[in-house]
Amino acid sequence: MDASLYVILDRGAARGRDLGDLLAAAVAGGCRMVQLREKTWPSGQLLPLAERLRAQCAADGVTFIVNDRVDLALAVEADGVHLGQDDLPARVARPLLRPGMLLGISTHSVAQARAAQADGADYVAVGSIFATATKPDFELVGPDLVRILRSEIRVPLIGIGGITHDNVQEVIRAGADGVAVISAVGAADDPRAASERFVTLIRAARGLTAPRPPL
């Protein structure tokens, strides 16, 4: 698992482009972890796309995560599942997963992050770091929440929400192990170049802080 740049594939942000093409571009740009996020299609309709993306990730050695759908993640043998605060709690979801599957949890407060770690999350997403149009009902927490959590959350911390090339280094310097992005890559004119730029900026920011342990 290398979540330095965690690209979330979302049809709504893709501007009509094929998610497989976006995945290929993100991977070519240095992304090593992706998530399939789909809020409207039922699992049966989403299955063929999930299978195709899963196979593509397996061929490229990229970690493949499914958002929300534990059943779909199991069906396509995804590397993991990512759940929000309104989905199955981590303590309920963990026993359903295959041994070795990753469990990621979205959090918006210190209490939620602590609970996610205690209940078996393999990584904790923190957000929304900045304002974002992807989630109009976002809870804005800012990089300060990452700083607060860094000293006590042992699993990787992933900043999410409104992250761009202009602010990604602030998030990494606050203590995040990586960042998750949707529109900043998925809606970019050149997704490969956008991914490459993120990877370059993340590496540079890490050079200005204490070394982080491998994810």
Asp10 side chain to Gly12 backbone, donor-acceptor under 3.5 Å:
yes
To the nearest 0.5 Å, atom CG of Asp79 lies from atom CG of Asp122 at 11.5 Å
Mind jotting down which residue pairs meet the side-chain hydrogen bond (donor to acceptor under 3.5 Å, both in side chains) criterion with at least one end in residues 187-197? Sequence neighbours excluded, please.
Arg15-Asp189, Arg192-Glu196
Taking atom CG of Leu83 and atom CZ of Arg94, what is their separation to the nearest 0.5 Å?
10.0 Å
Using the test salt bridge (charged side-chain N to carboxylate O under 4.0 Å, His left out), find all partners of Asp18 that sit at least two apart in sequence or belong to another chain.
Arg52
Could you grab the distance from atom CG of Leu96 to atom CG of Leu88, nearest 0.5 Å is fine?
7.0 Å
Can you tell me if Arg98 has over 12 outside heavy atoms packed within less than 6.0 Å of its CZ?
yes
Examine distances only and state if a side-chain atom of Asn67 and a backbone atom of Leu36 form a donor-acceptor pair shorter than 3.5 Å.
no
Are Val168 and Val34 connected in a single hydrophobic cluster, I mean Ile/Leu/Val/Met/Phe/Trp/Tyr linked by side-chain heavy atoms less than 4.5 Å apart?
yes
Taking Ser183 for the side chain and Ala13 for the main chain, is one N or O donor matched with an acceptor at less than 3.5 Å?
no
Do any N or O atoms from the side chain of Ser128 and from the backbone of Ala131 form a donor-acceptor pair under 3.5 angstrom?
no
Do the side chains of Met1 and Leu103 join up, straight or via other hydrophobic residues, at under 4.5 Å, putting them in one cluster?
no
On a heavy-atom basis, the closest approach of Ala121 and Val155 is O-CG1, 3.5 Å
Using a 3.5 Å distance criterion without hydrogens, assess whether the side chain of Asp87 forms a donor-acceptor pair with backbone atoms of Gly84.
yes
Could you give all pairs that pass the salt bridge (charged side-chain N to carboxylate O under 4.0 Å, His left out) test and reach residues 151-170, with sequence neighbours left out?
Arg114-Glu152
More than 12 heavy atoms of other residues, nucleotides or ligands under 6.0 Å from CG of Asp144: is that the case?
yes
Are Arg69 and Trp41 in a cation-pi contact, defined as NZ or CZ under 6.0 Å from the six-membered ring centre and within 45° of the axis?
no
Does the pair Leu9 and Arg37 meet the rule for a side chain to side chain contact (heavy atoms under 4.5 Å, CB included), with working shown?
CA-CA 6 Å; Leu9 303 173; Arg37 178 181 186 267; over 6 Å; no
Who are the side chain to side chain donor-acceptor pair (under 3.5 Å) partners of Ser151, not counting sequence neighbours?
none
Nearest heavy-atom neighbours spanning Ile8 and Ala180:
CD1-CB, 4.0 Å
Going through the checks in order, is the side chain to side chain contact (heavy atoms under 4.5 Å, CB included) test met by Arg206 and Ser4?
CA-CA 10 Å; Arg206 285 177 172 164; Ser4 299; 3.0 Å; yes
Using only atom types and a distance under 3.5 Å, with no angle test, would you say the side chain of Asn167 pairs donor to acceptor with the backbone of Thr164?
yes
Look up atom CD1 in Ile129 and atom CG in Leu140, then write down how far apart they are to the nearest 0.5 Å.
8.5 Å
Looking at CD of Gln117 and CG of Leu157, how far apart are the two atoms once the value is rounded to the nearest 0.5 Å?
8.5 Å
I need the Ile158 CD1 to Ile163 CD1 distance, nearest 0.5 Å.
9.5 Å
Are Leu23 and Leu46 connected in a single hydrophobic cluster, I mean Ile/Leu/Val/Met/Phe/Trp/Tyr linked by side-chain heavy atoms less than 4.5 Å apart?
yes
Check Val66 against Gln35 and note the closest heavy-atom contact, atom names and distance.
C-CG, 4.5 Å
All salt bridge (charged side-chain N to carboxylate O under 4.0 Å, His left out) counterparts of Arg32, not counting sequence neighbours:
none
Can a side-chain donor-acceptor contact be found between Glu38 and Thr40 if the only test is distance below 3.5 angstrom?
yes
Pair listing, ring pair (Phe, Tyr, Trp, His ring centres under 6.0 Å) test, anchored in residues 5-40, at least two apart
Tyr6-Tyr123
Mind listing the closest non-hydrogen atom pair of Ala14 and Leu22 along with its distance?
CB-CD1, 3.5 Å
Let me see the working for Val171 and Phe130 under side chain to side chain contact (heavy atoms under 4.5 Å, CB included), right down to the final yes or no.
CA-CA 10 Å; Val171 183; Phe130 304 106; 3.7 Å; yes
In short, Ala204 meets Gln169 closest at the heavy-atom pair CB-NE2, 3.5 Å
On a heavy-atom basis, which atom in Asp2 and which in Met33 lie closest, and how many Å separate them?
O-CB, 3.5 Å
Any donor and acceptor pair, going by atom type alone, linking the side chain of Arg203 with main-chain N or O of Thr200 inside 3.5 Å?
no
